[in-house]
Amino acid sequence: MNKNLKVLLIALLAVGLLLAGCSSGGGTKKSSSGKNQSSGDTGPKQDTLVYARGGDSVTLDPITTTEGETFKVTENIYDTLVSFGDSDTSTQPGLAADWKISDDSLTYTFNLQKGVKFHDGTDFNAEAVKYNFDRWAGGNEDQFPYYTMFGGYKGDEGHVIQEIKVVDEHAIEFILKRPQATFLVNLAMSCFGIASPAALEKYGEDYRKNPVGTGPFKFVEWKENDTITLAKNENYWRKGFPKLNKVIYRVIPENTARLNALANGEIDMMDGLNYAEVAQVEGNEKLQLIERPSMNVGYLGFTTTRKPFDNKLVRQALNHAIDKESIIEAFYAGMAEPAKNPMPPSIKGYNEEIEAYPYDLEKAKELLKEAGYEKGFKMELWAMPVARLYMPEGQKVAEIIQESFSKIGVQAEIKSVDWPTYLDKAKKGEFDAFMLGWTGDNGDADNFLYTLLDKDSIGGSNYSRYANDELHDILIQAQSETDEEKRAELYKQAQVILHEDAPWVPLVHSRPLSAAVKEVSGYVPHPTGSESLMKVEFK
């Protein structure tokens, strides 16, 4: 056999062996994270979850914002003293292993988990808890907006926490000035994640980009408006968790673009699925549809300190000028219900007896005439620049509202800006009218009515800057009432006032949808919208 023929036969044999190996069922495919993933029962398991969302976080220090994209991430970096159930807002042990409440509901004693470390290696203990609460109480609405859940800040008359006592290394006592029915569920909210005191001291103003908690995942990197990367906390105190080694949060602003990325294998999960694209997910055997329990409201808010929106007749007129049913049919595929109150029907204390403002253009014109605006007026209508669970297509909804307003002589110019700027300007009262929404943090009426519409929350999450003393007195009374039926009646009274004053047009309560690849397992969508990924893994 000549030399050239030998070389040819050896080459053919090598190719044959390579092909046999590739067809034996032991090959690999690339996962969305770029890691090799087994296509059979053997080989490495995918351990990185790529989660795509519509907007970036604004900070990774959760107490400094009310913005939901932040909590999606920080829920996995921090733990709270009290936790919610996997799929509801029942209170469960968290960093506090258990607790005792005094008979007068004024003293809460928490026994803390032992042996817990922050991600920087420092000890979690009672002093760390006190440090965090002292930090928050010493701030104001601009610094720590959610701390108003405790009735104000240090020195404020309404501040419900009188004193915090360190009993010993693993026990801490909260003494209240008055009973607060929401105290435990407030503690479980994502914004009250316990941060490392050492890291807060070390990073100062830069802590927002260098978060350190005790949670299932540790912060690795933040490329703003692109990705946030978290890595497994190998020393997590909940044994056996988390299941994943890495989580990457990607920003893909358009809902349809996120779905395309999911179908193409570029990502593993996405939020904010367009209702019109449900069939596309259901028809793809590689994908799964996920429906989140509804606990939200999407609304059009008026800045009540700006003319003509300081006149409740104008606000009532605009309530009559929006056809909510048409919006739901066009953009929610019927998977939402029209809102008449600022909180959803799933919340205890919801007032069923209130009659919604009917879509009535003639009534709207009458009210404008009575208010002195018979010929209408010009205004700016600010549309959300990102998709949200309660508002998947904000720009298109704004166009429908714009057209409706034009029929009563109100010329609305639609405007928008990037998400962090949008929130900042709305909070400062710089918009005439703005589209926003809210997903409940703790399953309580207080978290909607007091948090969003009480005068204590102006400068925080009361973007309408609406104030009503009668409403305030009712909401404070409801916070202190420990009888649940009496509390519910107080919240029903509060909704009557809000319906009359109309600081918002409540638009919809949506059934939020998301999607994932079939292999994603252990994901339980939480009604608050900020769930832990601790138990998520790939089948």
Side-chain angles (χ1 to χ4, degrees), residues 80-82 84-85 88-92 96 99-110 133 137 146-153 156-164 173-189 191-192 295 297 340-354 438 440-458 460-462 466-501 503 527-528:
T80 46
L81 278 181
V82 179
F84 288 132
D88 58 34
T89 53
S90 61
T91 49
Q92 310 288 335
W99 53 85
K100 182 180 178 182
I101 307 172
S102 63
D103 291 340
D104 60 7
S105 299
L106 293 178
T107 302
Y108 289 71
T109 305
F110 296 91
F133 276 85
Y146 255 128
Y147 193 77
T148 57
M149 298 296 290
F150 297 110
Y153 300 81
D156 291 350
E157 182 180 349
H159 187 212
V160 73
I161 300 175
Q162 178 175 302
E163 187 180 2
I164 301 175
E173 192 173 83
F174 287 75
I175 302 169
L176 308 186
K177 297 176 184 175
R178 55 182 171 82
Q180 187 182 44
T182 58
F183 188 69
L184 277 181
V185 290
N186 286 351
L187 293 178
M189 288 164 50
C191 53
F192 299 118
M295 193 173 70
V297 60
K340 62 180 181 180
N341 292 321
M343 66 187 222
S346 60
I347 302 292
K348 189 174 178 62
Y350 181 82
N351 194 331
E352 289 279 4
E353 295 180 4
I354 286 176
W438 189 260
D441 295 291
N442 61 19
D444 196 275
D446 179 79
N447 182 242
F448 282 87
L449 306 186
Y450 177 79
T451 300
L452 301 178
L453 290 160
D454 188 72
K455 66 179 184 179
D456 281 351
S457 300
I458 293 174
S461 44
N462 180 353
Y466 165 75
N468 181 301
D469 290 337
E470 182 185 3
L471 176 74
H472 174 76
D473 291 343
I474 290 172
L475 295 178
I476 294 301
Q477 184 182 350
Q479 285 182 351
S480 302
E481 180 57 68
T482 55
D483 184 303
E484 286 301 313
E485 294 307 318
K486 291 180 180 177
R487 284 189 79 223
E489 287 305 313
L490 289 167
Y491 287 125
K492 288 177 182 179
Q493 292 176 35
Q495 288 161 81
V496 171
I497 295 170
L498 289 165
H499 184 73
E500 171 68 19
D501 282 356
T528 62

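Numbers for residues simply follow the sequence, beginning at 1. Any value given below was found using the heavy atoms of this structure, including those in side chains, with hydrogens, waters and symmetry copies removed.
Looking only at distances, a side-chain donor or acceptor of Asp444 sits under 3.5 Å from a matching main-chain atom of Asp446. Side chain of Thr182 to backbone of Asn186: no donor-acceptor contact under 3.5 angstrom is found. Asn447 contributes no side-chain N or O that, together with a main-chain N or O of Gly440, makes up a donor-acceptor pair within less than 3.5 Å. Gln495 contributes a side-chain N or O that, together with a main-chain N or O of Tyr491, makes up a donor-acceptor pair within less than 3.5 Å. Although no hydrogens or angles enter the test, the distance criterion places a donor-acceptor pair under 3.5 Å between the side chain of Tyr450 and the main chain of Thr148. With hydrogens and angles disregarded, a donor-acceptor distance shorter than 3.5 Å links the side chain of Gln180 to the backbone of Met149. The backbone N or O of His159 lies less than 3.5 Å from a partner atom in the side chain of Lys177, making a donor-acceptor pair.
A salt bridge is absent between Lys486 and Glu489; no separation between the charged side-chain nitrogens and carboxylate oxygens falls under 4.0 Å. Between Glu485 and Lys348 there is a salt bridge, since a side-chain N of the basic residue sits under 4.0 Å from a carboxylate O of the acidic one.
Shortest non-hydrogen contact noted between Phe110 and Leu187 is CZ-CD1, 3.5 Å. Counting all heavy atoms, side chain and backbone alike, Tyr466 lies closest to Leu453 at CD2-O, 3.3 Å. Closest approach of Ala494 to Leu475, counting heavy atoms only: CB-CD2, 4.0 Å. Scanning both residues, Ile458 and Ala467, for their nearest heavy atoms gives CD1-CB, 4.1 Å. In this structure, Asn442 and Thr528 approach most closely via the heavy-atom pair N-CG2, 4.5 Å. The two atoms that bring Thr482 and Ser105 nearest to each other are CG2-OG, 4.3 Å, heavy atoms only.
The closest side-chain heavy-atom distance from Val82 to Tyr108 is not below 4.5 Å. Counting only heavy atoms from C-beta outward, the side chains of Thr107 and Glu173 approach each other to under 4.5 Å. Contact of the Arg178 side chain with the Val160 side chain is registered, since non-hydrogen atoms from C-beta on lie closer than 4.5 Å. A 4.5 Å side-chain heavy-atom check between Tyr350 and Pro345 finds at least one atom pair inside the cut-off. Considering only heavy atoms from C-beta on, Asn341 comes within 4.5 Å of Asn351 through its side chain. Counting heavy atoms from C-beta outward, Thr451 and Trp438 have side chains that approach closer than 4.5 Å. Inter-residue side-chain proximity for Asp441 and Cys191 is flagged as unmet; no heavy-atom pair is nearer than 4.5 Å. At a threshold of 4.5 Å between non-hydrogen side-chain atoms, the residues Ile474 and Leu449 do not count as touching.
Close placement of the Phe192 and Phe150 rings is indicated, their centers lying within 6.0 Å of each other.
Surrounding CD of Glu157 are at most 12 heavy atoms belonging to other residues, nucleotides or ligands under 6.0 Å away.
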| message | Between Asp454 and Asn462, is the side chain to side chain donor-acceptor pair (under 3.5 Å) condition met? List the steps. | response | CA-CA 7 Å; Asp454 188 72; Asn462 180 353; over 6 Å; no
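For the atom pair Arg487 CZ and Gln477 CD, the distance stands at 11.5 Å (nearest 0.5 Å).
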